[in-house]
Number of protein chains: 2
Amino acid sequence: MPLKPSNSIPDIVIGRLPLYLRALTHLRQEGRDVTSSHELGEKLGISSAQIRKDLSHFGGFGKQGTGYQIDFLIDRLRKVMQVNQEWRVAVVGAGHLGSAISRYRGFRDRGFRIAWVFDADPAKIGTKIDDFIVQDVANMQDIIRSNKVQIAMIAVPAEQAQQVANLLVEAGVRAILNYAPININVPPHVMVQYIDPVVHLQHMTYYLLSDE
Amino acid sequence: MPLKPSNSIPDIVIGRLPLYLRALTHLRQEGRDVTSSHELGEKLGISSAQIRKDLSHFGGFGKQGTGYQIDFLIDRLRKVMQVNQEWRVAVVGAGHLGSAISRYRGFRDRGFRIAWVFDADPAKIGTKIDDFIVQDVANMQDIIRSNKVQIAMIAVPAEQAQQVANLLVEAGVRAILNYAPININVPPHVMVQYIDPVVHLQHMTYYLLSDE
DNA sequence: AACTGTGAAGTTTTTCACAGCC
DNA sequence: GGCTGTGAAAAACTTCACAGTT
């Protein structure tokens with residue numbers, strides 16, 4: 001996933017930062033001002049030592065004897081992850097899933113704004129999803145290029161995912177979140193992450209007692 | 001995540017099995033009969049040695065000099081993960097996301113069938129989503145208990161996720177896939193996995209060049 | 001010649017445990 | 001007394017490299 005194979009901070013650490021940020025945001029919503037590595041760890045099912053070690057990569061954010069100032073830590077983590085700005089995101093696919101993603105209100109306050117929704121289906125192009133008008137995929141590369149869009153989400157059927165990814169990469173997209181249940185190939189300078197609920201379900205059924 | 005903290009096969013290995021199964025299924029769809037650890041690894045961005053080692057935990061599935069018989073390996077992996085049966089799954093939340101999940105056709109041939117959709121909103125209860133009628137959450141525990149439902153997906157707002165999880169656990173659910181962007185607490189015999197697109201996006205923005 | 005399965009080696013990640021500070 | 005930050009130790013995970021099989 002990492003753009004550089006390694007600068008110095010392990011990618012597995014970077015992957016936990018969003019979880020820390022999410023938990024901290026909830027604590028703040030509950031009106032809390034200060035927390036500890038122990039409390040955070042409890043909430044997340046991660047050891048307190050690991051949380052301290054992870055955070056220490058970015059500087060001494062805590063105070064001995066006291067813990068971590070929540071506002072301060074949120075602010076720092078946001079800067080580290082560069083979500084103290086708003087990233088404009090393109091969604092490809094305006095089916096049930098693409099529509100649900102586009103309508104989801106939870107991106108905005110965490111650093112992302114869905115700014116365009118594309119589809120190839122003439123029946124969908126021009127229709128409205130909340131505020132957006134579904135755009136023709138034929139115009140996608142122009143729009144991505146002229147707006148310097150770096151992030152896209154793929155919500156098309158598996159058969160079309162690779163083809164869509166190719167277009168996105170060619171237009172300059174650097175980070176792809178793929179909801180289609182298929183691995184896609186991209187050049188090394190492009191990151192891909194996957195969301196496939198079935199992968200999680202199958203992981204869990206391994207441990208379940210059979211139904212039959 | 002694992003039900004038993006450890007039987008002997010590392011959980012990280014179990015987590016990769018669904019990816020192998022998914023890639024194998026695609027290969028078969030392309031008409032292929034045989035593959036190798038090297039080819040699978042290429043597709044998945046995983047080393048061939050790792051794939052061989054992972055698979056070797058479950059027995060010798062391959063043939064030296066030849067590789068892996070795709071049908072055979074699919075069959076074995078399905079059995080290992082217990083997805084050679086159909087698990088009935090409950091969805092809680094019939095908003096945009098819950099509806100999109102419930103309508104998604106991709107569960108069926110991978111071992112899962114959405115069998116019930118619940119919501120608390122009187123405006124939604126009784127409405128149809130494809131074949132289902134949205135059920136009242138008030139009846140959820142009875143339905144889960146009498147049908148011995150072991151798996152549920154949570155697609156409600158973050159504020160209600162814990163409360164829903166409590167009901168599910170109390171009714172006997174053993175595996176939860178939580179789409180709400182919040183950590184939930186469950187007893188140790190219950191597994192939880194999370195789907196939060198923002199976590200993936202924030203992971204990637206760490207490596208991007210700032211937009212501004 | 002091609003490929004698996006696997007001990008051994010190497011690397012990464014996590015935990016321990018404690019000095020230092022509030 | 002409570003908590004962080006961190007070297008050192010331990011554990012987990014991945015890769016190497018090759019014997020053995022087809």
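Values reported hereafter were calculated over all heavy atoms of this structure, with side chains retained and with hydrogens, waters and symmetry mates removed.
- Between B:Ile184 and B:Ala165 the shortest heavy-atom distance is CD1-CB, 3.7 Å.
- Listed by residue number, B:Arg52, B:Lys53, B:Ser56, B:Gly60, B:Phe61 are the residues of residues 45-61 of chain B with a heavy-atom contact under 4.0 Å to DNA chain C.
- In this structure, B:Gln64 places its CD atom 5 Å from C1' of C:dT4, rounding to the nearest Å.
- The pair A:Arg105-A:Asp130 counts as a salt bridge, with a side-chain nitrogen and a carboxylate oxygen less than 4.0 angstrom apart.
- If you take NE2 of A:His38 and C1' of C:dT15, they are 15 Å apart, rounded to a whole angstrom.
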- Item | Intermediate values then yes/no, side chain to side chain contact (heavy atoms under 4.5 Å, CB included), A:Leu73 and A:Gln69 | CA-CA 6 Å; A:Leu73 187 49; A:Gln69 204 69 31; over 6 Å; no
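- Where A:Ile12 and A:Gly65 meet DNA chain C, the nucleotide closest to each residue was compared, and A:Ile12 sits on the side nearer the 5' end.
- Residue B:Arg28 is tested with B:Asp75, B:Asp33, B:Asp71 for a salt bridge (charged side-chain N to carboxylate O under 4.0 Å, His left out); the sole match is B:Asp71.
- Residues B:Arg110 and A:Asp196 are paired through a salt bridge, judged by an N-O separation under 4.0 Å between the basic side chain and the carboxylate.
- Computed from coordinates, the B:Gln69 CD to C:dA2 C1' distance equals 15 Å when rounded to whole Å.
- For B:Arg52 and B:Phe61, the positive end is not near the middle of the six-membered ring at less than 6.0 Å and at most 45° from its axis.
- Along DNA chain D, read 5' to 3', the first and last nucleotides having any atom under 4.0 Å from a heavy atom of chain A are D:dG2 to D:dA8.
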- Message: If you apply the rule side-chain hydrogen bond (donor to acceptor under 3.5 Å, both in side chains), what do you find for A:His26 with B:Asn183, and how did you get there?
- Response: CA-CA 10 Å; A:His26 291 138; B:Asn183 280 87; over 6 Å; no
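- Listed here is the closest heavy atom pair of A:Phe132 and A:Ile114: CE2-O, 3.1 Å.
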